[in-house]
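In what follows, residues are counted from 1 in the order of the sequence shown.
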Amino acid sequence: MKELVEVIARSLVDNPDEVVVTQKEDGKNITIELHVAASDMGKVIGKQGRIAKAIRSVVKAASSKDNKRVDVEII
């Protein structure tokens, strides 16, 4: 899941070198934290949060086969 979020985020931003993705696991819960440059924050979130919702939907669909709950936090 970490790699998936990283690939999506790097394709959206102007500064792909500043994209940092960390993953924390707690049983069946996985938290993925996405750190981007301040100037790229709007590109990752999108208007009314549409891109952020789309990223979360893709990750949720990819994680459903593993029976794990994945939360994506944009920091």
Item to check | Sidechain N-carboxylate O distance under 4.0 Å for Arg69, Asp71 | outcome: yes
Item to check | Residues Arg10 and Glu6 bridged, charged N to O under 4.0 Å | outcome: yes
Considering only heavy atoms from C-beta outward, does the side chain of [X] approach that of [Y] to under 4.5 Å?
| X | Y | answer |
| --- | --- | --- |
| Ser39 | Asn15 | yes |
| Ile74 | Met41 | yes |
| Leu4 | Val58 | yes |

Measure the [atom1]-[atom2] distance between [X] and [Y] for me, rounded to the nearest 0.5 Å.
| X | Y | atom1 | atom2 | value |
| --- | --- | --- | --- | --- |
| Ile45 | Ile51 | CD1 | CD1 | 9.5 Å |
| Ile75 | Glu33 | CD1 | CD | 4.0 Å |
| Glu73 | His35 | CD | NE2 | 9.0 Å |
| Lys28 | Asn67 | NZ | CG | 5.5 Å |

| Val7-Ile55 co-clustered via ILVMFWY side chain contacts under 4.5 Å | no
Taking every heavy atom of Ile32 against every heavy atom of Met1, the minimum-distance pair comes out as CD1-CB, 3.4 Å
Tested for side chain to side chain contact (heavy atoms under 4.5 Å, CB included) against Leu34, the lone hit among Val21, Val20, Ile8 is Val21
* Asked: So, does Asp40 use its side chain to make a donor-acceptor pair with the main chain of Val13 at under 3.5 Å?
  -> no
